[in-house]
Engineer: 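Dumping the structure here so I can ask a few things about it.
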Amino acid sequence: MDLSPFSLQGKRALVTGGGRGIGRACALALAQAGAQVAVVSRTQAQLEETTAQIRARGGEAWARAADLGQPAQVENLIEGLYREWGEVDILVNNAAISPIFKRVEEVAPAEWAQIISVNLSGAFFILQQVGGRMAARQRGTVVNLTSVGAVRALPHLSAYTATKAALDELTRTLAVEWARSGVRVNAVAPAYIETEMTVGIQEHPHLRQRVEERTPLGRFGRPEEVAWAVVFLASEAASYITGHTLFVDGGWTAL
């Protein structure tokens with residue numbers, strides 16, 4: 001069986017939020033598939049852990065810390081990346097902050113603004129800088145990380161789900177805008193995954209039970225299960241797929 005369409009050999013991938021959780025899993029999976037990987041987040045120490053793991057497996061990695069919610073920092077980051085590292089073939093937009101678990105009337109303006117800044121504005125700024133360059137040279141692939149919360153109600157997570165729903169729609173819009181420029185734009189939407197972001201739910205017996213009962217496969221997902229879907233959409237095996245959201249949710253959206 002010829003697996004070459006799934007190979008990312010010779011490609012350069014940029015993963016935002018690549019210091020831990022799903023972002024780290026994506027970075028490792030992309031490297032395993034043959035890509036050189038650059039990771040970005042706000043915490044340099046976490047990024048260094050990710051790049052160390054990639055290099056230990058024989059891969060090539062690059063890391064820089066930046067606040068993606070600040071347009072000036074994003075512009076400086078991308079200019080430095082292209083100058084020192086080269087063109088980006090694959091963008092994985094994963095950076096997001098932990099959701100605030102509150103009723104909508106309890107969410108403070110500063111909390112709302114912070115989530116919008118990182119989860120949505122940060123993704124948009126990166127898309128402008130990297131996706132725009134991809135469109136100019138007429139090739140590239142974007143995978144945005146959204147959530148089942150983009151299409152299913154998750155009570156007490158209004159700010160978080162609002163950003164993910166917006167990013168889901170942005171995925172479709174850019175897929176159409178950039179299609180004739182040779183750039184594919186898709187999304188992967190996980191349900192509850194075993195990461196630092198969900199540790200409170202994992203360790204709470206009642207909440208964990210509710211999630212497992214709500215999920216047809218009866219368990220939390222693993223970060224690598226999300227990463228494998230990202231690798232597929234980034235590869236030539238998905239060359240005729242754009243504007244699509246792939247749910248990695250254990251059947252959550254089937255109900």
Side-chain angles (χ1 to χ4, degrees), residues 16-17 20-23 25-26 92-108 111-124 127 142-176 185-233 238 241-255:
T16 70
R20 63 179 187 168
I22 290 173
C26 289
V92 178
N93 239 332
N94 166 74
I97 59 174
S98 299
I100 296 168
F101 195 77
K102 293 182 177 180
R103 293 177 60 87
V104 66
E105 61 268 28
E106 298 171 345
V107 177
E111 293 172 328
W112 169 266
Q114 184 183 27
I115 291 179
I116 294 292
S117 173
V118 177
N119 296 11
L120 182 57
S121 297
F124 182 79
L127 285 164
V142 175
V143 183
N144 295 318
L145 270 295
T146 60
S147 166
V148 293
V151 296
R152 294 290 187 273
L154 299 180
H156 302 147
L157 294 173
S158 56
Y160 178 79
T161 56
T163 63
K164 294 303 185 179
L167 186 56
D168 190 53
E169 182 54 39
L170 188 58
T171 296
R172 286 185 288 274
T173 298
L174 294 180
V176 174
V185 186
N186 293 292
V188 171
Y192 285 90
I193 306 298
E194 293 178 340
T195 66
E196 295 88 341
M197 187 179 287
T198 63
V199 69
I201 296 173
Q202 295 176 58
E203 294 178 350
H204 190 292
H206 178 61
L207 292 178
R208 184 180 186 103
Q209 182 181 3
R210 286 180 60 184
V211 169
E212 291 173 344
E213 290 176 347
R214 172 65 177 76
T215 306
L217 287 184
R219 63 175 176 85
F220 281 63
R222 301 188 303 274
E224 61 268 26
E225 292 176 310
V226 180
W228 295 331
V230 170
V231 169
F232 164 65
L233 289 174
I241 301 174
T242 196
H244 177 72
T245 297
L246 175 57
F247 290 92
V248 182
D249 64 358
W252 187 285
T253 52
L255 295 178

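Computed from a predicted structure; not experimentally measured.
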Engineer: If I take atom CD from residue Gln202 and atom CG from residue Leu207, how far apart are they, to the nearest 0.5 angstrom?
Structural biologist: 11.5 Å
Engineer: Of all the heavy-atom pairs spanning Leu246 and Ala229, show the shortest one and how long it is.
Structural biologist: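 Taking every non-hydrogen atom into account, CD2-CB, 3.7 Å.
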Engineer: Any pair with a residue in residues 188-203 that passes salt bridge (Lys or Arg N to Asp or Glu O under 4.0 Å), sequence neighbours left out, goes on the list, sorted by first then second residue, please.
Structural biologist: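 Counting only pairs at least two positions apart or across chains, the salt bridge (Lys or Arg N to Asp or Glu O under 4.0 Å) contacts touching residues 188-203 are Glu194-Arg208.
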Engineer: Provide the closest heavy-atom pair for Ala96 versus Lys164 in the form atom of the first, atom of the second, distance.
Structural biologist: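 Ala96 and Lys164 have their closest heavy atoms at CB-NZ, 3.9 Å.
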Engineer: So, does Gln114 use its side chain to make a donor-acceptor pair with the main chain of Glu111 at under 3.5 Å?
Structural biologist: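 Checking the backbone N and O of Glu111 against the side chain of Gln114, no donor-acceptor pair under 3.5 Å is found.
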Engineer: I want to check something: taking the side chain as every heavy atom from C-beta on, are Leu127 and Leu174 in contact at a cut-off of under 4.5 Å?
Structural biologist: yes
Engineer: How would you list, by chain and number, every residue that makes a salt bridge (Lys or Arg N to Asp or Glu O under 4.0 Å) with Arg20, sequence neighbours excluded?
Structural biologist: none
Engineer: Taking Leu233's backbone N and O only, do any of them form a donor-acceptor pair with Asn186's side chain (distance below 3.5 Å, no angle check)?
Structural biologist: no
Engineer: Using the test side chain to side chain donor-acceptor pair (under 3.5 Å), find all partners of Asn144 that sit at least two apart in sequence or belong to another chain.
Structural biologist: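 Partners of Asn144 under the side chain to side chain donor-acceptor pair (under 3.5 Å) test: Asn93, Thr171.
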Engineer: Heavy atoms only: give me the nearest Gly250-Pro216 pair and the separation to one decimal.
Structural biologist: O-CD, 3.3 Å
Engineer: Tell me every residue that passes salt bridge (Lys or Arg N to Asp or Glu O under 4.0 Å) with Arg172, counting only those two or more places apart in sequence or in another chain.
Structural biologist: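 Arg172 satisfies salt bridge (Lys or Arg N to Asp or Glu O under 4.0 Å) with Asp168, Glu169 once adjacent residues are dropped.
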Engineer: Between Ser158 and Val104 (side chain of the first, backbone of the second, donor and acceptor by atom type, cut-off under 3.5 Å), is there such a pair?
Structural biologist: no
Engineer: Any heavy-atom pair between the side chains of Ile22 and Thr195 that's under 4.5 Å?
Structural biologist: yes
Engineer: Whether the side chain of Thr163 engages the backbone of Ile116 through a donor-acceptor N/O pair (distance < 3.5 Å, no angle test) should be reported.
Structural biologist: no
Engineer: Rounded to the nearest 0.5 Å, how far does OH of Tyr160 lie from OG of Ser98?
Structural biologist: 9.0 Å
Engineer: May I ask you to decide if Leu154's main-chain N or O and Thr161's side chain share a donor-acceptor pair within less than 3.5 Å?
Structural biologist: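 Not at all, since once roles are kept as given, no pair shorter than 3.5 Å links the two residues.
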Engineer: Can you tell me how far the CG atom of Leu145 sits from the SG atom of Cys26, to the nearest 0.5 Å?
Structural biologist: 5.5 Å
Engineer: Restricting to non-hydrogen atoms, name the atom on Phe232 and the atom on Ala238 that form the minimum distance, rounded to 0.1 Å.
Structural biologist: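 Here Phe232 and Ala238 meet closest at O-CB, 3.4 Å.
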Engineer: By ring-ring contact (aromatic ring centres under 6.0 Å, His included), which residues pair with Trp252, not counting sequence neighbours?
Structural biologist: Tyr192
Engineer: Regarding Arg210 and Glu213, does a basic nitrogen lie under 4.0 Å from an acidic carboxylate oxygen?
Structural biologist: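 So Arg210 does not pair with Glu213 through a salt bridge.
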Engineer: Who are the salt bridge (Lys or Arg N to Asp or Glu O under 4.0 Å) partners of Glu106, not counting sequence neighbours?
Structural biologist: none
Engineer: Are any non-hydrogen side-chain atoms of Val188 and Phe247 less than 4.5 angstrom apart?
Structural biologist: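 SC-SC contact between Val188 and Phe247 ruled out.
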Engineer: Is there a donor-acceptor contact under 3.5 Å from the side chain of Asn119 to the main chain of Ile97?
Structural biologist: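 Yes: the side chain of Asn119 pairs with the backbone of Ile97.
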Engineer: Looking only at heavy atoms, what is the nearest atom pair of Glu225 and Val248, with distance?
Structural biologist: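 Distance-wise, the nearest heavy atoms are O-CG1, 3.8 Å.
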Engineer: For the residue pair Ile115 and Ile100, establish whether any side-chain heavy-atom pair is separated by less than 4.5 Å.
Structural biologist: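 Touching, per the 4.5 Å side-chain cut-off.
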Engineer: Taking the side chain as everything from C-beta on, heavy atoms only, tell me whether Pro190 gets closer than 4.5 Å to Ile193.
Structural biologist: yes
Engineer: Please report the closest heavy-atom contact between Gly21 and Pro223, naming both atoms and the distance.
Structural biologist: O-CB, 4.1 Å
